[in-house]
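No experiment lies behind these values; they were computed from the predicted model shown. Just so it is clear, the values below take in all heavy atoms, side chains as well, and ignore hydrogens, waters and symmetry mates.
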Amino acid sequence: MRSRFLLAGFAALLFSSFLQNVFAGERLQYNVSQANTQERITIYVQGSQARILSSANQAAALIYNADSRQIHILDHPDKSITTLDQASLEQLASMARSMGEIAQSQGGVLGDIFKTFGLENDMGESAQIEIKTLSGEKKYSGQVCRIQQVFSDGQLSTQICLAKNLRMQPAEKKTLDSLVNFAQLLLRQGEVILAQFNLPIPLLSDEPLSGTPVFIEDISSNTTATLTGFKQMELLARQFILPEGYSRRVLSL
């Protein structure tokens, strides 16, 4: 009798999960500290999808699809979805560099106009990047990592602690790695674009990161991001679905 009762309860639980489309996933939380401000970044990962939320802007969300390598920017007040993929990102970065080269070559009034928008920097000159991996290990939220230092023209620019054995389910770990590599591409290719908004941009290697970042420090802006929470949990599939009725646009030229 007891076994039948337990079996019925288990079946009801499975049926309830099916109706709600509940699946096992992962949640990571990072604390971002800059000057006198604190921000919490939460990343939910389930299968090939990831959802990124920020405590600093609760009216927006990012949804990343590892299969298509696209990131969707949700603006809830505006009811819009802006999609960015690798090709669009490289196209935007290429045009920004071209604009900077024009400003530098023309000078005069045209140069002054571009200088006003901060486009007079050394876009055509690449800094010498050097990577050093420190001996010894650190630990953040129970995750063992090793510090990688990034130097630009001999000056320490970024410190990043990479965990190679993050205890995640294989599918979610693959998606998180894809998201990290896409973010790395965004920082590298979009540096010229993002720099115009005075956003802190940690300098990273051109090579794929050999692990998952659990701590990042951008020296120039005194900004740090630290993994503070990491757990497996049940997630609703609907939080990774793009909402209906939102206008769609692709970030491109």
task = Quick one: do Leu235 and Phe240 satisfy side chain to side chain contact (heavy atoms under 4.5 Å, CB included)? Show the steps, please.
result = CA-CA 10 Å; Leu235 300 175; Phe240 302 100; 4.0 Å; yes

Taken to the nearest 0.5 Å, the spacing of Ile160 CD1 from Phe215 CZ works out to 10.0 Å

Is it true that a side-chain atom of Asp218 and a backbone atom of Thr158 form a donor plus acceptor pair closer than 3.5 Å?
-> no

d(Ile241 CD1, Gln239 CD) to nearest 0.5 Å is 10.0 Å

side-chain contact (heavy atoms from CB on, under 4.5 Å) filter on Ser55, not counting sequence neighbours, yields Glu39, Arg40

Correct closest heavy-atom pair for Val32 and Ala225 would be CG2-CB, 4.1 Å

Residues at least two apart in sequence or cross-chain that pass ring pair (Phe, Tyr, Trp, His ring centres under 6.0 Å) with Tyr64, listed by chain then number, are Phe182

### Query
Tell me, do Thr83 and Arg248 make a side-chain contact under 4.5 Å, heavy atoms counted?
no

Sequence neighbours excluded, the answer for side chain to side chain donor-acceptor pair (under 3.5 Å) partners of Glu26 is Gln169

Thr133 meets the side-chain contact (heavy atoms from CB on, under 4.5 Å) criterion, sequence neighbours left out, with Arg146, Gln148

Residues passing the side chain to side chain donor-acceptor pair (under 3.5 Å) test with Gln155, sequence neighbours excluded, are none

Please list every donor-acceptor pair under 3.5 Å in which a side-chain atom of residues 137-145 meets a protein atom from a residue at least two apart or in another chain.
| unit_1 | atom_1 | unit_2 | atom_2 | d |
| --- | --- | --- | --- | --- |
| Ser141 | OG | Leu227 | O | 2.9 |
| Ser141 | OG | Thr228 | O | 3.2 |

- Query: Okay, side chain of Thr223, backbone of Gln34: is any donor-acceptor separation there less than 3.5 Å?
  - Reply: no

Quiz item: Between the main-chain N or O of Met233 and the side-chain N or O of Arg27, is there a donor-acceptor pair closer than 3.5 Å?
Solution: no

Pro170 meets the side-chain contact (heavy atoms from CB on, under 4.5 Å) criterion, sequence neighbours left out, with none

Open item on the list: Tell me whether Asn165 at atom CG has more than 12 heavy atoms from other residues, nucleotides or ligands lying less than 6.0 Å away.
Closed with: no

By ring pair (Phe, Tyr, Trp, His ring centres under 6.0 Å), Tyr44 pairs with (sequence neighbours left out) none

Note: with side-chain heavy atoms under 4.5 Å as the link, the other cluster members for Leu242 come out as Ile63, Leu74, Ile81, Tyr246

Sequence neighbours excluded, the answer for side-chain contact (heavy atoms from CB on, under 4.5 Å) partners of Ala60 is Asn57

Rounded to the nearest 0.5 Å, the OG1 atom of Thr212 sits from the NZ atom of Lys164 at a distance of 11.5 Å

Quick one: are Glu130 and Gln128 in side-chain contact, heavy atoms under 4.5 Å? no

Contacts of Gln70 meeting side chain to side chain donor-acceptor pair (under 3.5 Å) (sequence neighbours excluded), chain-then-number -> Ser68

Rounded to the nearest 0.5 angstrom, the CD-CZ distance for Gln46 and Arg51 is 13.5 Å

| said: Within the 4.5 Å heavy-atom criterion, are Asn31 and Gln29 side-chain neighbours or not? | reply: no

Across all chains, not counting sequence neighbours, the side chain to side chain donor-acceptor pair (under 3.5 Å) partners of Lys173 are Asp177

- request: Would you mind reporting whether Ser48 and Thr175 have side-chain heavy atoms less than 4.5 Å apart?
  value: yes

Of all heavy-atom pairs linking Arg69 and Ser178, the shortest is NH1-OG, 3.6 Å

Is Phe230 close to Leu166 at the side-chain level, that is, under 4.5 Å between some pair of heavy atoms? yes

Exercise. Hey, mind stepping through Leu179 and Ile43 against side chain to side chain contact (heavy atoms under 4.5 Å, CB included) and telling me if it holds?
Worked result: CA-CA 10 Å; Leu179 173 62; Ile43 304 175; 4.1 Å; yes

